[in-house]
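If you're wondering where the values come from, they're calculated on a predicted model, not measured in any experiment. For ligands, and for the atoms within them, numbers begin at 1 and follow the listed sequence. We count residues from 1, following the sequence as given.
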Amino acid sequence: MCNFLAIDDFSSNELESLLKLASKLKQEHFSTGNKPVLLGKTLAIIFQKPSLRTRVSFEMAMYHLGGKSIYMAPQEIELGKRESVPDIARVLDGYVDAIMARVFQYEQILELAKHTSIPVINGLSNYNHPCQALGDMLTIMELREKLQELRLTFVGDGNNVATSLSLICALMGIHFTIASPKGYELKDDVVKRVKNLSSKGKVDFVQMTDPIAAVSNADIIYTDAWTSMGQEQETKHRQQLFQRYQVNQDLVSKAKSNVIVMHDLPAKRGEEITSEVADGPNSVIFQQAHNRMHSAKAILYTLLID
Ligand code: CP
Ligand code: NVA
């Protein structure tokens with residue numbers, strides 16, 4: 001493993017190993033304590049967009065493992081504006097041991113990786129969010145003994161989070177259903193890849209527009225913001241269009257009684273999820289957020305040591 005750019009760059013076995021390592025590192029964190037295995041290593045963090053979880057979980061992961069991180073805010077680097085992406089990649093190559101970047105265009109992550117010999121981690125792009133999917137899978141594995149036969153339903157926009165989640169479900173053997181308004185489905189190329197992986201793994205992949213039909217029989221309901229970072233000018237339109245995709249108590253009651261409710265956060269409470277559900281007994285949103293740090297450790301460990 002030389003980068004962490006997209007979920008389907010990895011096989012099921014590789015993802016399983018990463019998840020096992022994340023779980024082991026989490027156990028260590030709460031028992032014997034973290035070992036300083038990244039002593040002397042530095043991670044450069046380049047963000048074009050805001051972040052709470054991704055930034056803090058990776059910075060703390062580096063700190064706990066004895067390494068160091070350097071955060072660069074959007075206005076400092078101005079990726080591709082003040083300086084070209086290949087030039088930034090080549091410069092950082094000589095300073096640090098790995099780069100994590102959150103960008104508007106996925107192509108910029110690929111370009112960073114192309115022009116540097118050090119590992120690059122995708123901290124979210126317009127297209128995907130693989131770090132989130134890994135942390136979410138760790139959470140699901142903690143909550144359910146067996147992944148096979150689980151049914152996860154994503155309700156909302158077929159966005160970056162839905163993309164990585166659909167791919168990790170296909171690879172790990174979880175049935176995946178997505179309910180989105182017409183025109184806001186997963187991208188065609190994602191659908192093609194998920195279908196291909198799902199048929200190999202013998203799991204279902206279903207797309208529909210009806211959120212109620214989609215959650216009936218669901219073991220897990222997942223939702224995300226209707227308007228992603230960079231789409232702010234579409235907020236009003238999306239608020240109207242996605243209204244019936246709100247994960248509220250009524251929708252949750254249509255799924256299995258022990259359904260797990262997930263959200264990557266930040267949540268727009270009262271839009272895609274109500275506070276009643278987000279703070280309710282089925283919600284695991286903060287466990288998900290905390291697992292971002294443990295899964296970040298597994299990514300860093302694998303890229304920088306193995
Ligand atoms: N879920 C997630 O990636 O959160 P941040 O945008 O706060 O990093
Ligand atoms: N889809 C959201 C995820 C935030 C973590 C966004 O891109 O803004």
Side-chain angles (χ1 to χ4, degrees), residues 4-7 22 43-62 69 71-74 79 99-109 121-140 154-168 178-181 184-187 190 221-235 237-239 241-242 245-247 261-269 271-273 278 283-300:
F4 192 77
L5 307 180
I7 286 295
L43 174 73
I45 300 180
I46 304 175
F47 275 16
Q48 283 188 319
K49 306 178 187 184
S51 168
L52 171 64
R53 281 142 291 270
T54 307
R55 176 183 175 183
V56 181
S57 65
F58 270 90
E59 292 223 37
M60 288 312 294
M62 283 304 285
S69 53
Y71 171 74
M72 283 157 283
L79 203 71
I99 302 170
M100 203 254 287
R102 168 168 287 193
V103 300
F104 282 103
Q105 296 304 323
Y106 179 55
E107 290 67 30
Q108 293 185 312
I109 294 269
I121 301 167
N122 178 355
L124 177 146
S125 72
N126 59 321
Y127 181 61
N128 55 4
H129 195 2
C131 294
Q132 182 66 46
L134 194 73
D136 292 339
M137 196 49 66
L138 177 63
T139 306
I140 295 171
F154 186 97
V155 181
D157 190 19
N159 62 13
N160 45 7
V161 169
T163 292
S164 295
L165 189 66
S166 61
L167 288 162
I168 205 164
I178 181 164
S180 325
Y184 294 83
E185 299 94 348
L186 288 168
K187 291 186 173 57
V190 177
I221 296 176
Y222 199 119
T223 192
D224 182 24
W226 293 336
T227 304
S228 285
M229 291 178 276
Q231 299 171 333
E232 288 75 13
Q233 71 289 352
E234 298 172 28
T235 304
H237 177 62
R238 285 172 175 262
Q239 278 168 341
L241 198 77
F242 281 81
Y245 295 86
Q246 183 184 69
V247 176
V261 176
M262 302 182 79
H263 190 307
D264 50 293
L265 302 178
K268 276 266 190 302
R269 287 166 178 256
E271 289 193 15
E272 75 274 5
I273 193 164
S283 168
V284 299
I285 59 177
F286 297 110
Q287 185 175 343
Q288 278 178 268
H290 296 152
N291 276 336
R292 289 292 309 276
M293 183 175 76
H294 306 295
S295 52
K297 283 180 188 168
I299 295 169
L300 292 165

Side chain proximity check, Thr54 to Met100, heavy atoms < 4.5 angstrom: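 SC-SC contact between Thr54 and Met100 confirmed.
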
Considering only non-hydrogen protein atoms, determine which one is nearest to [atom] and report residue, atom name and distance to 0.1 Å.
| atom | result |
| --- | --- |
| atom 8 (O) of ligand 2 | Met229 N, 2.8 Å |
| atom 5 (C) of ligand 2 | Asp264 OD2, 3.5 Å |
| atom 4 (O) of ligand 1 | Arg53 NE, 2.7 Å |

Within reach of ligand 1, part of Lys49 (heavy-atom separation under 4.0 Å): neither

Leu124 and ligand 1 - part of the residue with a heavy-atom distance under 4.0 Å: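 Within the 4.0 Å criterion, Leu124 makes no contact with ligand 1.
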
Check against side chain to side chain contact (heavy atoms under 4.5 Å, CB included), Leu265 and Phe286: CA-CA 9 Å; Leu265 302 178; Phe286 297 110; 4.1 Å; yes

Part of Leu124 within contact of ligand 2 (heavy atoms, under 4.0 Å):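 Answer for Leu124: side chain.
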
Arg55, any N or O under 3.5 Å of ligand 1 N or O: no

Sub-4.0 Å heavy-atom contact, Thr227 with ligand 2: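 It does not, in that no heavy atom of Thr227 comes within the 4.0 Å cut-off of ligand 2.
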
Residue pair Glu59 / Ser69, side-chain donor-acceptor N/O under 3.5 Å: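 Yes, side-chain donor-acceptor contact under 3.5 Å.
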
Any donor-acceptor N or O pair under 3.5 Å, side chains Asn128, Ser125: yes

Parallel, tilted or perpendicular: ring planes of His237 versus Tyr184, cut at 30 and 60 degrees: tilted

Aromatic ring pairing Tyr127/Tyr106, orientation class (parallel under 30°, perpendicular over 60°, tilted between): tilted

Closest candidate by heavy atom, reference atom 7 (O) of ligand 1, pool Val161, Leu52, Leu265, Asn160: Leu52

Show me which atoms of ligand 1 lie under 4.0 Å from any heavy atom of [X].
| X | value |
| --- | --- |
| His129 | 2 (C), 3 (O) |
| Arg102 | 3 (O), 5 (P), 6 (O), 8 (O) |
| Arg292 | 1 (N), 2 (C), 3 (O) |
| Gln132 | 1 (N), 2 (C), 3 (O) |

Carboxylate-amine/guanidinium proximity below 4.0 Å for Lys268 and Glu272: no

Between [atom1] on residue [X] and [atom2] on residue [Y], distance to nearest 0.5 Å:
| X | Y | atom1 | atom2 | result |
| --- | --- | --- | --- | --- |
| Asn126 | Gln108 | CG | CD | 9.0 Å |
| Ile121 | Leu124 | CD1 | CG | 14.0 Å |
| Leu241 | Ser180 | CG | OG | 10.5 Å |

Proximal ligand 2 atoms for Asn160, defined as those under 4.0 Å from one of its heavy atoms: 1 (N), 2 (C), 6 (C), 7 (O)

Under 4.0 Å to a heavy atom of Leu265 - the qualifying atoms of ligand 2, by number: 5 (C)

